[in-house]
Amino acid sequence: MTDSLDPEHDDIPPETGPQSPRFDVPEPPHPVNWNLLTASDLEAELLELNRWVDWLRHTYGLQASVVPPYWHRHPELMWELSALHLHWLCAYDPEQDGSAPLGWHRDFADARARLRDWVASCGTRLDRDRPTRQTSWPGEDPAAPVEESPITDREEDFVQFVLDQVAARQEAEDAFFAAFDPNTGEV
């Protein structure tokens, strides 16, 4: 690979550009368990997924009913898009069978249908967003009311979302290690 690839070019997938953390990295694609990432891994994975989702929506002309601007604020969308990203990475791996991209496109059609369902049920739109409504089960406290907010600057919101998520994850890591006793190995 060379550094002469233009990562902004629509025909070049984001994983091949020099700005990508995966550029010239021999690590194979791997599933992302968003619940178990360290703060720094969380940041890298969110940024990589964001680049890929942006490439995907432009390349395939996806409407906001499939990939809305605030997909990152809805875990159901993030998990689905993350799985689709991994599938894409594997299907287009140079050592993959030549028919793998056709399998990815077949599965992409199924994923688009699921994404439409998720978007419809969570309530995020092109110009406004609200947290996904939660159903309280008998014996649980009632779910907090949800309110819509306008979407004014998607990029600014994504950056703040990443900063907030990374800070919260770092705080959890710090609290865990603060309670760790190096003499006993217990928390």
Side-chain angles (χ1 to χ4, degrees), residues 1 3 5 7-8 12-58 62 64 67-93 111 114-115 118-119 122-124 128-134 141 143-144 146-147 149-187:
M1 295 184 144
D3 288 334
L5 296 174
E8 299 301 319
I12 299 172
E15 277 70 22
T16 62
Q19 304 298 343
S20 171
R22 287 186 168 65
F23 184 67
D24 274 344
V25 175
E27 183 178 310
H30 59 279
V32 176
N33 184 336
W34 295 97
N35 296 327
L36 301 178
L37 296 174
T38 64
S40 64
D41 288 344
L42 176 63
E43 180 178 16
E45 293 292 347
L46 282 169
L47 294 175
E48 186 65 27
L49 183 59
N50 187 56
R51 275 191 288 278
W52 184 80
V53 169
D54 194 55
W55 171 82
L56 182 74
R57 75 182 185 88
H58 282 101
L62 300 176
V67 179
Y70 276 18
W71 61 264
H72 57 279
R73 293 206 167 268
H74 297 273
E76 61 275 31
L77 298 174
M78 196 164 73
W79 285 93
E80 183 79 32
L81 289 164
S82 179
L84 189 60
H85 179 219
L86 175 63
H87 189 11
W88 183 87
L89 287 169
C90 292
Y92 284 92
D93 185 276
R114 284 191 306 274
L115 285 164
W118 289 123
V119 170
C122 77
T124 188
R128 62 192 187 284
D129 184 64
R130 66 169 168 78
T132 302
R133 288 192 172 102
Q134 299 294 317
D141 291 334
V146 294
E147 295 195 25
S149 60
I151 296 175
T152 56
D153 188 334
R154 189 268 175 203
E155 200 61 33
E156 180 181 311
D157 182 81
F158 179 77
V159 169
Q160 191 60 54
F161 174 82
V162 171
L163 292 172
D164 293 346
Q165 294 298 306
V166 169
R169 188 68 54 96
Q170 188 63 57
E171 186 178 313
E173 286 177 39
D174 293 345
F176 174 81
F177 286 114
F180 181 75
D181 183 346
N183 297 323
T184 65
E186 295 180 3
V187 179

Quiz prompt | Heavy-atom side-chain contact between M78 and L49 under 4.5 Å | solution = yes
Self-check item: Near-ring test W88/W55, centroid separation under 6.0 angstrom
Solution: yes
Quiz item: Is there a side-chain contact (heavy atoms from CB on, under 4.5 Å) between W34 and E45 once you walk through the steps?
Solution: CA-CA 9 Å; W34 295 97; E45 293 292 347; 3.7 Å; yes
Exercise. Look at the aromatic rings of H85 and W52 and report parallel, tilted or perpendicular, splitting at 30° and 60°.
Key: tilted
Quiz prompt | Check: E147 main-chain N/O paired with R130 side-chain donor or acceptor under 3.5 Å | solution = no
Practice problem: Report the C-alpha separation of T124 and W71 in whole Å, then their side-chain angles, then the decisive distance to 0.1 Å, and conclude whether the side chain to side chain donor-acceptor pair (under 3.5 Å) test is met. | Solution: CA-CA 8 Å; T124 188; W71 61 264; over 6 Å; no
Quiz item: Are side-chain heavy atoms of E43 and L163 found at a separation under 4.5 Å?
Solution: no
Quiz item: Are W79 and N33 close enough that some pair of their side-chain heavy atoms sits under 4.5 Å apart?
Solution: yes
Quiz item: Does some side-chain heavy atom of L86 sit less than 4.5 Å from a side-chain heavy atom of V32?
Solution: no
Self-check item: Side-chain touch H74/D129, heavy atoms, less than 4.5 angstrom
Solution: yes
Self-check item: Sole residue of E76, R73, R133 in side chain to side chain contact (heavy atoms under 4.5 Å, CB included) with C122
Solution: E76
Exercise. May I ask you to say whether R169 pairs ionically with D41, meaning some side-chain N is under 4.0 Å from a carboxylate O?
Key: no
Self-check item: Side-chain (R114) to main-chain (L77) donor-acceptor, under 3.5 angstrom
Solution: no
Quiz item: Is any side-chain heavy atom of Q170 closer than 4.5 Å to a side-chain heavy atom of L42?
Solution: no
Quiz item: Hey, does F177 have a side-chain heavy atom less than 4.5 Å from the side chain of D174?
Solution: no
Quiz prompt | pair N50-L46: side-chain heavy atoms closer than 4.5 Å | solution = no
Quiz item: Step by step, would you call T38 with E173 a side chain to side chain donor-acceptor pair (under 3.5 Å)?
Solution: CA-CA 8 Å; T38 64; E173 286 177 39; 4.6 Å; no
Quiz prompt | Backbone N/O of A83 and side chain of H87: donor-acceptor pair under 3.5 Å | solution = no
